[in-house]
Amino acid sequence: MILTIYNQYQDDQSYPIWLVVTIDKDVWEKGIVYFSVHQDIVQKDMDEFPEEILSFSVYQEDLLLSKEIFGKVGIQLSQIKARSSEQVSSLPAVSQLLIRVIDLEEILTLSKVTVATD
């Protein structure tokens, strides 16, 4: 699994927009796939975004945190499959999952609040 963040530049600042999770085709057989926010993440410019690759968007409600391992985020593939039922035949061809960085940050922030209040 490869993680790539695509950054947009504005006013001489770099802002992360998309986290692209590149997956193997056999991952679609799983209900949930996990990645670590602590693993190496490739940084690229939005100009390099590969628009020609078939991708699915991951909504915030598709994300969950591992209760066992800090910094592990799960993507509920079963929800993406259900939402994309009319395109199920093309699922194995999808090798990219698109996550808005702001959604990922919110999930990670919520986990800190939950841990702090326990």
Side-chain angles (χ1 to χ4, degrees):
M1 180 177 309
I2 300 170
L3 301 181
T4 307
I5 288 191
Y6 287 88
N7 297 296
Q8 183 172 353
Y9 289 90
Q10 184 177 349
D11 300 327
D12 296 327
Q13 294 268 339
S14 174
Y15 299 97
I17 304 297
W18 290 105
L19 172 64
V20 175
V21 180
T22 304
I23 57 173
D24 294 326
K25 294 175 182 167
D26 62 337
V27 169
W28 286 110
E29 297 170 14
K30 300 177 182 179
I32 300 173
V33 64
Y34 287 91
F35 65 90
S36 173
V37 295
H38 303 295
Q39 75 185 65
D40 289 336
I41 299 176
V42 178
Q43 299 282 327
K44 292 191 177 183
D45 201 31
M46 279 299 291
D47 295 342
E48 301 175 72
F49 191 84
E51 295 178 16
E52 68 281 356
I53 297 176
L54 186 59
S55 306
F56 276 130
S57 293
V58 176
Y59 299 159
Q60 187 175 13
E61 57 266 16
D62 299 332
L63 299 173
L64 55 91
L65 292 170
S66 169
K67 295 177 182 169
E68 292 85 34
I69 303 173
F70 178 75
K72 276 254 193 212
V73 177
I75 302 171
Q76 298 183 72
L77 297 174
S78 54
Q79 289 185 193
I80 296 171
K81 287 188 261 189
R83 192 170 55 243
S84 308
S85 61
E86 65 277 357
Q87 301 166 332
V88 168
S89 62
S90 65
L91 276 177
V94 175
S95 62
Q96 285 190 156
L97 300 172
L98 307 177
I99 303 171
R100 291 184 333 154
V101 171
I102 194 166
D103 290 342
L104 181 60
E105 289 173 341
E106 189 166 327
I107 291 292
L108 294 170
T109 300
L110 288 175
S111 72
K112 291 177 186 173
V113 171
T114 303
V115 171
T117 59
D118 285 348

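Fair warning: this is a prediction, and the values are worked out from it, not measured in the lab.
Taking CD1 of I102 as the reference point, atom OG1 of T109 lies at 10.0 Å (rounded to 0.5 Å). The structure places CD1 of I23 at 4.0 Å from CG of L97, a figure rounded to the nearest 0.5 Å. In this structure, CG in L104 is found 9.0 Å from CD1 in I75, a value given to the nearest 0.5 Å. For the atom pair OG (S55) and CH2 (W18), the distance works out to 9.5 Å, reported to the nearest 0.5 Å. If you take CD1 on I99 and CD on Q60, they are separated by 11.0 Å, rounding to the nearest 0.5 Å.
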- Kindly determine whether K72 and F35 satisfy side-chain contact (heavy atoms from CB on, under 4.5 Å), including the steps that lead there. CA-CA 6 Å; K72 276 254 193 212; F35 65 90; over 6 Å; no
- Determine, stepwise, if the pair V58 / V21 fulfils side-chain contact (heavy atoms from CB on, under 4.5 Å). CA-CA 10 Å; V58 176; V21 180; over 6 Å; no
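Within a 6.0 Å sphere centred on CD1 of I32, other residues, nucleotides and ligands contribute more than 12 heavy atoms. Within 6.0 Å of CG in D40 there are 12 or fewer heavy atoms belonging to other residues, nucleotides or ligands. Atom CD of E51 is surrounded by 12 or fewer heavy atoms from other residues, nucleotides or ligands within 6.0 Å.
A chain of hydrophobic side-chain contacts below 4.5 Å, direct or via other Ile, Leu, Val, Met, Phe, Trp or Tyr residues, connects I41 to V33.
The two atoms that bring V73 and L108 nearest to each other are CG2-CD2, 4.1 Å, heavy atoms only. Between P50 and Q96, the closest heavy-atom pair is CG-OE1, 3.3 Å. Residues K81 and K30 approach most closely at NZ-O, 3.5 Å, considering heavy atoms. Here the shortest heavy-atom pairing between L19 and V101 reads N-CG2, 3.8 Å. The heavy-atom pair separating Q79 from E61 by the smallest distance is NE2-O, 3.2 Å.
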Under 3.5 Å, sequence neighbours excluded: what are the donor-acceptor pairs made by side chains of residues 1-16?
residue : atom : partner : partner atom : Å
N7      : ND2  : Q43     : OE1          : 2.7

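Ring pair F56/W28 is perpendicular by interplanar angle, where above 60° counts as perpendicular and below 30° as parallel.
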